[in-house]
Amino acid sequence: MSKKFTEVPSAEPYKIKVVEQIKRIPREERIKSLNECGLNPFMLKSEDIYIDLETDSGTTAMSDKQWAALLTGDESYSGSKSFYNLEKSVQDVLGYKYVIPAHQGRGAENILIGTITEKDKYVVSNMFFGTGATHIVSHGGFIAELVIDNAQDFSDPHPFKGNVDIEQATRFVEEKGAENISYFMITCTNNQGGGQPVSMENMRTIRELTSKYNIPLYLDFARFAENMYFIKEREDGYQDKSIREILREFTSYTDGCVISAKKDGLVNIGGLCCVNDSKLYEELAERVINFEGFIQYGGLSGRDMEALAQGIQEVVEFSYLDSRINQIQYLGKLLQEGDVPILTPIGGHAVYIDAMKMFPHIPQSQYPALALCNEIYIEGGVRTSEIGTLCAGFDPITKEQRYPALDMCRLAIPRRAYTKGHIEYIAETIIRVNKRAREVRGLEFIHEYKTQSMRYFLSKFRWVK
Ligand SMILES: *Cc1c(COP(=O)(O)O)cnc(C)c1O
């Protein structure tokens, strides 16, 4: 009787109320569809996809409470009740003073980055998300990415591979001079680096460094809740704290953030820009009116704001986050058991496959990660995305193809949308591709788009002979 009673491990903390039919078209039709879009799965019609892991952005299943909240949306141009609900929810969870809605993450970036970036000065980060970097460069700023070296290594077990290299950052500030640095913007979790978190200790140290030199510190905070889950699980001293408490401490070290609410906002569209400084808020308000809409809706409808206000409350619940992160860890473990080479530790929103390791016979110039995305679709109707050589694009000056250290196929998992059955199906599909890896061929362009973003989305390929 003295034996401690232990619970059965829990399953998903929700059940299904509405379903959306998906279907798997036959293999020959999958090959036909893929050929029609030039072996670039980005261009597939979603109807031809059985399970879609292209992105975790805007693909969330909303809760019954969020759907109910839609009906309460107040569509007034100004003074909307829905704005005040959203503002209150964000202040409560994130702790920032001023809250500006935007149509999505890049809208929020346009507002904040467009206001605070100074020409010919640096913006320092662990790693930037593409749209943020583009906004900085288009305002004449320079970018500096100072993530720890461990992030470049597929199997380095460091628990916080999103961390900034503090020594390097300190040297950078001293060498360039604080007057030549506009601000720091840290991406949490670090999407480009594999959904890897930033530790509390790292954030605290960055704050000490930036305060010493009076440099503002912001967050690119699309996955704000997932990052806090990793702190609770992995960092000493946080096991007994709630996600909310951890989050409040984290944001207390910063001056504001931009958020793509299509991720941890648990909504299909939306963004946020938050700051604490009243003078800066006034400048941002000027800009939001020109680009997004009035400050009390920022490109969103009242109902969008209601759904987001509710989503922000749900995403910080431990039972949700635990199930979310564990679903991804489970997929990663199944793949590892099938000898599929993946990035470890497994990140918060996606599993990344090391395509060069899976296809050692395909040179990087033949886009091994894209070849893998294609095979996964052919094998099981599962769409994934390339975060590798095609995504890296070409050097803007020399026009030469850039070769990133990591050539990855990303399996991004939509929030609350797929079940354990789907996860097992995905793993089985990829393990089958892995078993016939030697047969897979590399790719070459049939038609190469010459502009940086469109090249990724619209270029057409064929298999190398
Ligand atoms: C998605 C994302 C963005 C851009 O947000 P959108 O909503 O797609 O415009 C910016 N930063 C990070 C880290 C993201 O994941």
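Below, each value reflects all heavy atoms present in this structure, side chains not excepted, and no hydrogens, waters or symmetry copies. Positions are given from 1, in the same order as the sequence printed here.
- A distance of 8.0 Å separates CD1 in Ile353 from CD1 in Ile342, rounded to the nearest 0.5 Å.
- A donor atom on one side chain and an acceptor atom on the other are not found under 3.5 Å apart for Gln296 and Ser78.
- Side-chain contact check for Tyr229 and Asp322: at least one donor-acceptor pair (N or O, by modelled atom type) lies under 3.5 Å.
- Ionic pairing of Asp56 and Arg415 is present here: one or more N-O contacts between side-chain nitrogen and carboxylate oxygen are shorter than 4.0 angstrom.
- Using a 4.5 Å heavy-atom threshold, the side chains of Val267 and Thr60 count as separate.
- By the 6.0 Å contact criterion, CD on Glu245 is enclosed, its count of non-hydrogen atoms from other residues, nucleotides or ligands being greater than 12.
- Looking at Asp74 and Ser82, their side chains never bring a donor and an acceptor atom within 3.5 Å of each other.
- With respect to the salt-bridge test (charged N to carboxylate O, under 4.0 angstrom), the residues Arg207 and Asp255 qualify.
- The residues Glu12 and Lys420 are annotated as not salt-bridged, no charged nitrogen and carboxylate oxygen being separated by less than 4.0 angstrom.
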Side chain to side chain contact (heavy atoms under 4.5 Å, CB included) between Tyr98 and Ser278, intermediate numbers included: CA-CA 8 Å; Tyr98 299 100; Ser278 62; 3.2 Å; yes
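- Remark: the Thr115 side chain and the Glu283 side chain contain no N/O donor-acceptor pair separated by less than 3.5 Å.
- Crowding of Glu167 atom CD: a count of heavy atoms from other residues, nucleotides or ligands under 6.0 Å not exceeding 12.
- In this structure the side chain of Thr389 reaches within 4.5 angstrom of the side chain of Pro404, judged on heavy atoms.
- Residues Val316 and Ala225 come closest through the heavy atom pair CG1-CB, 4.5 Å.
- You'll find the side chain of Phe184 reaches within 4.5 Å of the side chain of Ile215, heavy atoms only.
- Screening Val124, Leu112, Thr117, Thr210 for a side chain to side chain contact (heavy atoms under 4.5 Å, CB included) involving Tyr183 leaves a single residue, Thr117.
- Asp153 has no carboxylate O lying under 4.0 Å from a charged side-chain N of Lys161, or vice versa, which leaves the two without a salt bridge.
- Using cut-offs of 30° and 60° for the angle between ring planes, the Phe221 and Phe224 rings count as tilted.
- Taking 4.5 Å as the limit, some side-chain heavy atom of Gln152 sits within range of a side-chain heavy atom of Val147.
- If you take OH on Tyr218 and CE on Met185, they are separated by 8.0 Å, rounding to the nearest 0.5 Å.
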Take Glu424 and Tyr330 through the side chain to side chain donor-acceptor pair (under 3.5 Å) test and state the conclusion after the steps. CA-CA 9 Å; Glu424 287 166 0; Tyr330 180 56; 2.4 Å; yes
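- Closest of all the heavy-atom pairs between Asn202 and Ser199 is N-OG, 3.0 Å.
- In this structure, CG in Asn191 is found 11.0 Å from CD in Gln196, a value given to the nearest 0.5 Å.
- In this structure, His135 contributes its side chain and Gly132 its backbone to no donor-acceptor pair below 3.5 Å.
- At a cut-off of 3.5 Å, with distance as the only test, a side-chain donor of Gln313 or Asp92 sits close to an acceptor on the other residue.
- Judged purely by atom type and a 3.5 angstrom limit, Lys232 has no side-chain atom pairing as donor or acceptor with the backbone of Ser242.
- At most 12 non-hydrogen atoms from other residues, nucleotides or ligands lie less than 6.0 angstrom from CD of Glu201.
- A distance-only check finds a donor-acceptor pair linking the side chain of Asp264 to the backbone of Glu226 [under 3.5 Å].
- Judged by distance alone, the side chains of Tyr96 and Thr254 do bring a donor and an acceptor atom under 3.5 Å apart.
- Of the possible polar contacts, one joining the Arg287 side chain to the Asn110 backbone as a donor-acceptor pair under 3.5 Å is found.
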Under the side chain to side chain contact (heavy atoms under 4.5 Å, CB included) criterion, do Met305 and Glu87 qualify, and how do the steps go? CA-CA 9 Å; Met305 293 192 282; Glu87 183 186 50; over 6 Å; no
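- When every heavy atom of Phe128 is checked against every heavy atom of Val123, the shortest pair comes out as CZ-O, 3.6 Å.
- A donor-acceptor pair is defined here as one N or O able to donate and one able to accept, closer than 3.5 Å; no such pair exists between the side chain of Asn227 and the backbone of Arg223.
- With values rounded to the nearest 0.5 angstrom, Ile346 atom CD1 is found 8.0 Å from Leu335 atom CG.
- The pair Glu75-Arg303 meets the salt-bridge criterion, with a side-chain N (NZ, NE, NH1 or NH2) lying under 4.0 Å from an Asp/Glu carboxylate O.
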Should Leu86 and Leu272 be marked as a side chain to side chain contact (heavy atoms under 4.5 Å, CB included) after you check the CA-CA gap, both sets of side-chain angles, and the distance that decides it? CA-CA 10 Å; Leu86 175 60; Leu272 292 165; 4.1 Å; yes
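- Between the side chains of Thr187 and Asn190, no donor-acceptor pair of N or O atoms lies under 3.5 Å.
- You'll find the side chain of Met408 stays beyond 4.5 Å of the side chain of Leu372, heavy atoms only.
- Side chain of Tyr456 to backbone of Glu386: a donor-acceptor contact under 3.5 angstrom is found.
- With contacts defined as side-chain heavy-atom distances shorter than 4.5 Å, the pair Tyr50/Ile426 does not qualify.
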Check the pair Met62 / Leu266 against side chain to side chain contact (heavy atoms under 4.5 Å, CB included), numbers first and verdict last. CA-CA 7 Å; Met62 291 206 297; Leu266 298 182; over 6 Å; no
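- Counting non-hydrogen atoms of other residues, nucleotides and ligands closer than 6.0 Å to CG of Asp240 gives a total of 12 or fewer.
- Among all heavy-atom pairs drawn from Ala133 and Ile143, the shortest one is CB-CD1, 4.1 Å.
- Judged by distance alone, with hydrogens and angles left aside, the side-chain atoms of Arg416 form a donor-acceptor pair with the main-chain N or O of Ala61 at under 3.5 Å.
- Here the CD1 atom belonging to Ile413 is positioned 7.0 Å from the CZ atom belonging to Arg324, to the nearest 0.5 angstrom.
- Taking every heavy atom of both residues into account, Ile325 and Gly348 meet most closely at CD1-O, 3.6 Å.
- Taking CD1 from Ile111 and CD1 from Ile295, the interatomic distance works out to 11.5 Å, rounded to the nearest 0.5 Å.
- Scanning both residues, Pro101 and Val288, for their nearest heavy atoms gives O-CG2, 4.1 Å.
- Remark: the backbone N or O of Asn85 is not paired with any side-chain donor or acceptor of Ser89 at under 3.5 angstrom.
- Other residues, nucleotides and ligands place no more than 12 heavy atoms under 6.0 Å from the NZ atom of Lys65.
- Counting only heavy atoms from C-beta outward, the side chains of Lys17 and Trp67 never approach each other to under 4.5 Å.
- The shortest distance between side-chain heavy atoms of Arg410 and Thr55 falls below 4.5 Å.
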Might you work through the ring-ring contact (aromatic ring centres under 6.0 Å, His included) test for Tyr77 and Tyr297, ending with a clear yes or no? CA-CA 7 Å; Tyr77 191 95; Tyr297 73 86; 5.2 Å; yes
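- Of the possible donor and acceptor atoms, none in the side chain of Arg383 sits under 3.5 Å from a partner among the backbone N and O of Ile49.
- Side chains of Glu314 and Ser63: a donor-acceptor N/O pair is present below 3.5 angstrom, by distance only.
- Formation of a donor-acceptor pair under 3.5 Å by the Asp395 side chain with backbone atoms of Arg402 is not found in this model.
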